[in-house]
Protein chains: 2
Amino acid sequence: MADVSMPIGVLARSAGCKIQTIRYYEGIGLLPAARRTAGSQRRYGETHRQKLAFIRHARELGFSLPAIRELLALADQRESDCAEADRIARRHLESVNRRIAMLDGLRTELELMLTHGQGNRIRDCRVIATLADHRLCSQSHHAEATDS
Amino acid sequence: MADVSMPIGVLARSAGCKIQTIRYYEGIGLLPAARRTAGSQRRYGETHRQKLAFIRHARELGFSLPAIRELLALADQRESDCAEADRIARRHLESVNRRIAMLDGLRTELELMLTHGQGNRIRDCRVIATLADHRLCSQSHHAEATDS
DNA sequence: CTAAAACCTCCAGTCATTGGAGCTTCAAGC
DNA sequence: GCTTGAAGCTCCAATGACTGGAGGTTTTAG
C-alpha cells in the first residue's frame, strides 16, 4: 500500500462527486493535476483523496470555491496564523445565520398562508395574497444573503 | 393618475431589482410584454408593478422561476381552486424546512469550529481540521437540498 | 486476444441573472 | 426649437459550479 493510485472513477465514488467535477477542479487549479498513465489517464493517491475530501466537505458546508481556495492555501502553510481561517469561517457563519433568519421568516409565512388559506377560491387565497403584497410579511426578513 | 406609465428604470427601483432582470422576465414570458413608446421604450403600469412585486417577493422567498410561473398562472385564474396553490406552497414549505434543518446543522458545525479552535497556528486550527476530516462533524447533516 | 467498461478531450447547456458594446430616444434647460 | 446628458434599446457574452454528450482511446477481466 505504498501508493494507492486509483483512477478517477474510484476517487469520484470515494468523494461522492461526479468525475467531471474532479476534472473541473483540476481545470480551475483547485485540485493539483494528477499524474498520468502512459495512455494519459489520471491516477490519484492519498494526498489527492484528502484534498478532494476537504473541498467536498467545505462545499457541503456552503463555502464558495474562492473561499475554499483560500482555505486550502492556508491549510498548506502549516506554520501560519490561524486567524485568517477563523475570519473566513466566521464570515461564512454570518451569512449562514442570515439565511436561516430569512428562511425562518419564510416558514412562518408559508405556514400562515396554509392555515389561513381556507377560502377554497383563489380570490380568497392567502398564498397568492401574501406573495403579491410584501407588506403582509410577518417581518422585514428576506433581505439579501449573498455568500462568501 | 389614470395610468402611471413608468419607464423601466423606475419600475426596477421600485421592485429592487436590475433593469436587465425585468427584461429577462419579459424574455422568458414570466412578465407580460410592456407597451412601448413610439421610440420603442417600455412603459409600465400598476398591473406590471404588482406582478413584478409578486415575482420578486416569491424569488426572495426562494421559489424557483418555474414554481413562480405556476403560482402566477394560478393567480390569474382567480376562480380556480385554491388547492393547487396550497399544494405548491406546501411542497415549498417542506423544502424550506429541509433547508433550515441543514443550515442549522451547518451553523452548529461552524460554531463548533470557531469556539473550539484556538490553536493559533494552522497546524492546530480547528476550522481546517474539521474541513479536512469529515468524521469530526457533529452530525450527518449537510445532505442535499434542491428546490422546488 | 477480445470485448466492454472506464477513461480521454472538447464543447454545449443549466439557472437566474449580470455586464458590456454600440446605438437611439427621451426630457429638461436654454 | 435645439442641445445635451441620462436613460433606454438590442444583442451577445459571462458568471458559478457544475453536468451532459459526442466521438474516440485505454485498461482490464475473462
Side-chain angles (χ1 to χ4, degrees), chain A residues 4-31 33-44 48 52 54-72 92 95 99 142 144-148, chain B residues 4-31 33-44 48 52 54-72 92 95 99 142 144-148:
Chain A
V4 266
S5 195
M6 48 191 154
I8 197 167
V10 175
L11 180 65
R13 263 191 303 283
S14 105
C17 72
K18 296 278 167 77
I19 287 177
Q20 339 267 74
T21 307
I22 298 174
R23 291 203 275 247
Y24 170 71
Y25 288 162
E26 181 183 317
I28 62 167
L30 197 62
L31 199 59
R35 67 187 181 75
R36 303 288 189 116
T37 65
S40 78
Q41 295 198 356
R42 292 169 181 83
R43 287 298 178 268
Y44 296 94
H48 277 106
L52 181 58
F54 183 106
I55 295 170
R56 291 310 298 172
H57 190 192
R59 282 298 293 138
E60 279 170 11
L61 294 181
F63 287 87
S64 70
L65 292 190
I68 293 171
R69 201 186 290 272
E70 282 188 277
L71 254 4
L72 274 175
H92 187 62
S95 112
R99 285 200 283 176
H142 48 265
E144 283 320 290
T146 36
D147 225 330
S148 46
Chain B
V4 265
S5 195
M6 48 189 154
I8 198 168
V10 175
L11 180 65
R13 263 191 302 283
S14 106
C17 71
K18 295 279 167 77
I19 287 176
Q20 340 265 75
T21 307
I22 298 173
R23 291 202 276 245
Y24 170 72
Y25 288 161
E26 181 182 317
I28 62 168
L30 197 62
L31 200 60
R35 66 187 183 76
R36 304 287 190 117
T37 64
S40 79
Q41 297 198 353
R42 290 168 182 85
R43 287 298 178 270
Y44 296 94
H48 277 105
L52 182 57
F54 182 105
I55 296 169
R56 290 311 296 173
H57 190 191
R59 283 296 295 138
E60 280 169 13
L61 295 181
F63 286 88
S64 70
L65 292 189
I68 293 171
R69 202 186 291 272
E70 281 187 283
L71 253 4
L72 273 175
H92 194 67
S95 109
R99 284 208 282 176
H142 48 264
E144 285 320 291
T146 36
D147 224 331
S148 47

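Letters A, B, ... mirror the listed sequences (proteins, then strands); counts begin at 1. Predicted model, so just to flag it, every value in this text is computed and none were measured.
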- Item | Worked verdict on Glu26(A) versus Arg36(A) for salt bridge (charged side-chain N to carboxylate O under 4.0 Å, His left out) | CA-CA 13 Å; Glu26(A) 181 183 317; Arg36(A) 303 288 189 116; 3.8 Å; yes

In whole Å, what is the span from the [atom1] atom of [X] to the [atom2] atom of [N]?
| X | N | atom1 | atom2 | result |
| --- | --- | --- | --- | --- |
| Arg42(B) | dG8(D) | CZ | C1' | 9 Å |
| Gln41(A) | dT28(D) | CD | C1' | 10 Å |
| Glu26(B) | dT10(D) | CD | C1' | 12 Å |
| Ile19(B) | dA7(D) | CD1 | C1' | 7 Å |

- In this structure, CD1 of Ile22(B) is separated from CG of Leu30(B) (nearest 0.5 Å) by 12.0 Å

- How long is the gap from CD1 on Ile55(B) to OG1 on Thr21(B), to the nearest 0.5 Å? 11.0 Å

Residue pair [X] / [Y], side-chain heavy-atom distance below 4.5 Å:
| X | Y | result |
| --- | --- | --- |
| Ile28(B) | Arg69(B) | yes |
| Tyr44(A) | Leu52(A) | no |
| Leu65(A) | Tyr24(A) | yes |

- Considering residues at least two apart in sequence or located in another chain, which fulfil the side chain to side chain donor-acceptor pair (under 3.5 Å) criterion with Arg56(B)? Tyr25(B)

- Item | By side chain to side chain donor-acceptor pair (under 3.5 Å) - contacts of Arg23(A) (at least two apart) | Gln20(A)

- Query: Can you name the closest pair of heavy atoms from Ile68(B) and Phe54(B) and give their distance?
  - Reply: CG2-CE2, 4.4 Å

- Message: For nucleotides 14-21 of chain D, give me one character per nucleotide, 5' to 3': B if any protein heavy atom sits under 4.0 Å from the base, S if the only such contacts are to the sugar-phosphate, - if neither.
- Response: ---BBBB-

- Query: Going 5' to 3' on DNA chain C, which nucleotide is the first and which the last to come under 4.0 Å of a heavy atom in chain A?
  - Reply: dC7(C) to dT9(C)

- With DNA chain C as reference, determine whether Thr37(B) or Pro7(A) sits nearer its 5' end, using the nearest nucleotide of each. Pro7(A)

- Message: Please report the end-to-end axis angle for the helix from dC1(C)-dG30(D) to dC30(C)-dG1(D), five pairs per end, rounded to 10 degrees.
- Response: 0°

- Task: Report the C-alpha separation of Arg35(B) and Ser5(B) in whole Å, then their side-chain angles, then the decisive distance to 0.1 Å, and conclude whether the side chain to side chain donor-acceptor pair (under 3.5 Å) test is met.
- Result: CA-CA 9 Å; Arg35(B) 66 187 183 76; Ser5(B) 195; 2.6 Å; yes

- Query: With a non-hydrogen cut-off below 4.0 angstrom, is Ile28(B) in contact with a base, only sugar-phosphate, or nothing?
  - Reply: nothing

I'd like a table of donor-acceptor pairs (distance under 3.5 Å, sequence neighbours excluded) in which one partner is a side-chain atom from residues 6-19 of chain B, with atom names and distances.
from	atom 1	to	atom 2	distance (Å)
Ser14(B)	OG	Leu11(B)	O	3.2

